[in-house]
Amino acid sequence: MEWKMVMLNNTNASDKRRSERGNVLFLILIAVALFAALSYAVTQSTRSGGGDASSETNLINSSQITQYPASLKTAITRMNVSNSIAVDTLLFNDPTTFTADLTTPTLQSEAVFYPTGGGATYQQAPSNVMASGAAGTWIFNAENEVLNIGTDGGAAGASNDIIAFLPGIKKAICDKINSQLSISGTILETDTVDYATVMDTATPGIPAAAAGILGTAATALVGKPQGCFSFGAGPTYVYYSVLIER
């Protein structure tokens with residue numbers, strides 16, 4: 001009887017060990033399957049990652065461009081509300097001209113980048129967004145207007161908008177900006193848009209008429225406070241953002 005009990009116990013122990021080995025083997029098989037699935041996912045991600053990585057990079061770079069004018073709008077609003085600076089007297093002198101050109105407290109108070117004026121940070125666009133591979137220079141002026149932004153065709157320059165331009169950006173950046181802003185369609189502008197003149201102490205004030213009307217040919221930009229258009233031979237890709245609608 002005792003011998004039978006020993007044999008029974010040994011049999012149970014053996015069955016238990018086989019069951020445990022079976023469970024361990026099952027877990028190992030699951031782990032192998034999961035590892036294979038993970039490896040496949042990583043491989044597929046690596047194969048298709050070039051386009052995705054490029055898209056993500058363009059998104060980040062385009063955000064760097066579009067965020068800067070927003071900070072300038074805040075500075076200009078503060079100048080207007082707190083110090084009653086009129087928009088037609090705004091100056092966008094860069095810091096290299098402060099000493100020579102901003103010689104009076106009045107001029108200093110009207111300067112967007114001067115510490116006692118708007119106190120905004122003057123900066124260039126990063127080289128990785130520019131077609132030239134060099135840092136880009138922003139242009140700020142009131143030489144143009146955008147169709148359906150503010151009023152159109154006002155007398156004596158009353159409808160000219162104060163706009164920030166960044167000419168010479170990469171086409172891929174231009175495309176990403178417009179995509180993010182849901183802009184599609186014709187962006188080639190044939191009207192003479194002046195994105196070279198700076199509204200500073202050398203050329204202060206707002207001209208009597210608009211040099212260019214953005215949206216004349218680039219119909220996808222009608223009513224758009226910011227976006228990107230192509231211009232001239234090449235072409236040159238230009239980002240714009242309306243700082244003040246008039």
Side-chain angles (χ1 to χ4, degrees), residues 65-66 68-77 79-80 84-94 97 101 107 110-113 117-118 120 122 125 136-169 174 177-178 181-246:
I65 294 176
T66 57
Y68 182 54
S71 68
L72 300 184
K73 292 181 73 170
T74 300
I76 292 170
T77 299
M79 294 173 72
N80 180 254
S84 299
I85 303 299
V87 296
D88 58 346
T89 64
L90 289 173
L91 300 171
F92 291 90
N93 285 69
D94 72 78
T97 68
D101 297 337
L107 290 175
E110 294 169 344
V112 175
F113 300 113
Y122 180 85
T137 300
W138 288 89
I139 306 295
F140 309 95
N141 68 34
E143 303 289 322
N144 314 277
E145 65 176 277
V146 182
L147 283 177
N148 289 0
I149 292 292
T151 58
D152 294 334
S159 58
N160 289 18
D161 302 306
I162 298 181
I163 304 173
F165 292 99
L166 182 59
I169 67 174
C174 180
I177 289 172
N178 284 346
L181 297 172
S182 299
I183 294 173
S184 61
T186 302
I187 63 167
L188 176 62
E189 185 54 76
T190 56
D191 201 44
T192 307
V193 178
D194 179 0
Y195 53 78
T197 301
V198 180
M199 187 176 173
D200 56 13
T201 47
T203 53
I206 297 173
I213 302 176
L214 190 55
T216 302
T219 53
L221 303 180
V222 173
K224 301 293 185 180
Q226 62 175 324
C228 182
F229 63 95
S230 59
F231 189 83
T236 297
Y237 291 92
V238 185
Y239 168 72
Y240 77 94
S241 180
V242 177
L243 300 179
I244 299 177
E245 302 175 0
R246 301 178 68 252

Practice task
Would you confirm whether T192, through its side chain, and G212, through its main-chain N or O, come within 3.5 Å as a donor-acceptor pair?
Solution key: no
Practice task
Would you check if the side chain of D200 reaches a backbone N or O of L91 as a donor-acceptor pair within less than 3.5 Å?
Solution key: no
Exercise for the section: Would you sort out whether L147 and I213 count as a side chain to side chain contact (heavy atoms under 4.5 Å, CB included), showing the intermediate values? Expected result: CA-CA 7 Å; L147 283 177; I213 302 176; 3.5 Å; yes
Problem - CA sep, side-chain torsions, deciding dist, call: F92, I76, side chain to side chain contact (heavy atoms under 4.5 Å, CB included) - result: CA-CA 11 Å; F92 291 90; I76 292 170; 4.1 Å; yes
Handout entry: side-chain contact (heavy atoms from CB on, under 4.5 Å) partner of F140, the single match among V112, I163, L72
Key = L72
Completion exercise
Minimal heavy-atom distance between Y239 and G227, with the atoms involved, is CD1-O, 3.2 Å
Problem - Taking every non-hydrogen atom, the tightest pair across A220 and S184 - result: CB-O, 3.3 Å
Problem - Minimum-distance pair of heavy atoms, taken over all atoms of G153 and S159 - result: N-OG, 3.2 Å
Problem - Side-chain touch P69/L243, heavy atoms, less than 4.5 angstrom - result: yes
Practice task
State, yes or no, whether a side-chain contact exists between M199 and I206 at a heavy-atom distance under 4.5 Å.
Solution key: yes
Exercise for the section: Locate the shortest heavy-atom distance separating E245 from P225; write the atom from each residue and the value. Expected result: OE2-CB, 4.3 Å
Problem - Separation between CG of L90 and CD1 of I162, rounded to the nearest 0.5 Å - result: 5.0 Å
Problem - Rounded distance [0.5 Å steps], OG1 in T137 versus CG in D94 - result: 8.5 Å
Handout entry: Check: N93 side chain, A111 main-chain N or O, donor-acceptor pair, under 3.5 Å
Key = no
Practice task
Over all heavy atoms of both residues, which pair between D152 and V146 is shortest? Give the atoms and the distance, please.
Solution key: OD1-O, 3.7 Å
Problem - Whether Y68 and W138 hold their rings parallel, tilted or perpendicular, with breakpoints at 30° and 60° - result: tilted
Exercise for the section: Could you check Y240 against V193 for side chain to side chain contact (heavy atoms under 4.5 Å, CB included), going step by step and ending with a plain yes or no? Expected result: CA-CA 11 Å; Y240 77 94; V193 178; over 6 Å; no
Fill in the blank from the handout: Here the pair of heavy atoms bringing P167 nearest to I139 is CD-CG1, 4.4 Å
Completion exercise
When E189, E145, K224 are each screened for side-chain contact (heavy atoms from CB on, under 4.5 Å) with L214, the one that passes is E189
Exercise for the section: Drop me the distance from I169's CD1 to C174's SG, to the nearest 0.5 angstrom. Expected result: 5.0 Å
Handout entry: Heavy-atom side-chain proximity of Y195 to F231 below 4.5 angstrom
Key = yes
Handout entry: Rounded distance (nearest 0.5 Å) linking atom CG of N144 with atom CG of N160
Key = 7.5 Å
Handout entry: Value rounded to 0.5 Å, distance of CG in L166 from CD1 in I65
Key = 5.5 Å
Problem - Audit row: T197, N141, side-chain hydrogen bond (donor to acceptor under 3.5 Å, both in side chains) steps and yes/no - result: CA-CA 7 Å; T197 301; N141 68 34; 5.3 Å; no
Problem - Under 3.5 Å: donor-acceptor pair, side chain of N148, backbone of V222 - result: no
